[in-house]
Amino acid sequence: PPRSLSEMAWLLPVAFASGISLALNNTSLAHAGVGFVAMLSSCTPATTCLLEVIVKRRNASKMDIVAVAGACVGGILCTKGETNFSLIAVLLSLGAAFFRSLRCIWQHDLLKEVTNGGLKFSPCRITAWSSLLFVVVLLPFALGREGSSCFADLAHGSHKARIGIVGSTVSAMIMNISQGTHR
């Protein structure tokens, strides 16, 4: 477990950003197709760069602006002709991108610095404990929206659905760890 309440306090913002991002992204999927939402997710580099400039972690160079704009515009152009366009899905997806960016920035801060209390976080430690805190953050929203039926549905779901959930969980963990170890 986290070594102290102080360590948990450092990890809570990461868990909060992860939970809100996932909730917004999943809600956007209820309003638009998966391809449309995935293409809108290509705006995450822009929100990350913008946040880094706002908090003065980086100065925006012309090359940054051109590269980020090119990636985002390319992704957004892929949505042309979407038959299930939804402004709500666009706003939810952009909100998800914003919180993904916050999570990445905060994870990076935890990985590169020693806290005032002398804590140093490893990628696996951040992933493990922020994931548990993420459940604590998101669970009240899930229970408020769906009640306990989400657990009953999981228990009575098909074998294929359970395999999908496990695969998705493992994939998310690998992505989080690889983001933290790539420097």
Any donor-acceptor pair under 3.5 Å linking the side chain of Thr48 with the backbone of Thr44?
yes
Test item: Leu51 and Phe98 side chains (from C-beta on) under 4.5 Å apart, heavy atoms:
yes
Above 12 or not: heavy atoms from other molecules or residues under 6.0 Å from CD1 of Ile88?
no
Which residue pairs pass the salt bridge (Lys or Arg N to Asp or Glu O under 4.0 Å) test with at least one member in residues 33-52, sequence neighbours excluded?
Glu52-Arg57, Glu52-Arg58
Exercise: identify the closest heavy-atom pair between Pro45 and Ser41
CD-O, 4.5 Å
Closest non-hydrogen atom pair between Trp106 and Ala17, with its separation:
CZ3-CB, 3.9 Å
Rounded to the nearest 0.5 Å, the CD atom of Gln107 sits from the CG atom of Leu11 at a distance of 9.5 Å
How close do Thr47 and Ser101 get, heavy atom to heavy atom, and via which atoms?
OG1-OG, 2.5 Å
Let me check something: do Ile20 and Ile126 share a hydrophobic cluster, defined by ILVMFWY side-chain heavy atoms less than 4.5 Å apart, either directly or through other members?
yes
Is there a continuous path of hydrophobic side-chain contacts, each under 4.5 Å between heavy atoms, that joins Leu50 to Leu94?
no
Quick one: pull up SG in Cys104 and CG in Asp109 and give me the separation to the nearest 0.5 Å.
11.0 Å
How many angstroms lie between OG in Ser21 and CG in Leu92, if you round to the nearest 0.5 Å?
11.0 Å
List, one per line, each side-chain donor-acceptor pair under 3.5 Å for residues 24-40, sequence neighbours excluded.
residue: Thr27; atom: OG1; partner: Ala23; partner atom: O; Å: 2.7
residue: Ser28; atom: OG; partner: Asn25; partner atom: O; Å: 2.6
residue: Ser28; atom: OG; partner: Ser93; partner atom: OG; Å: 3.4

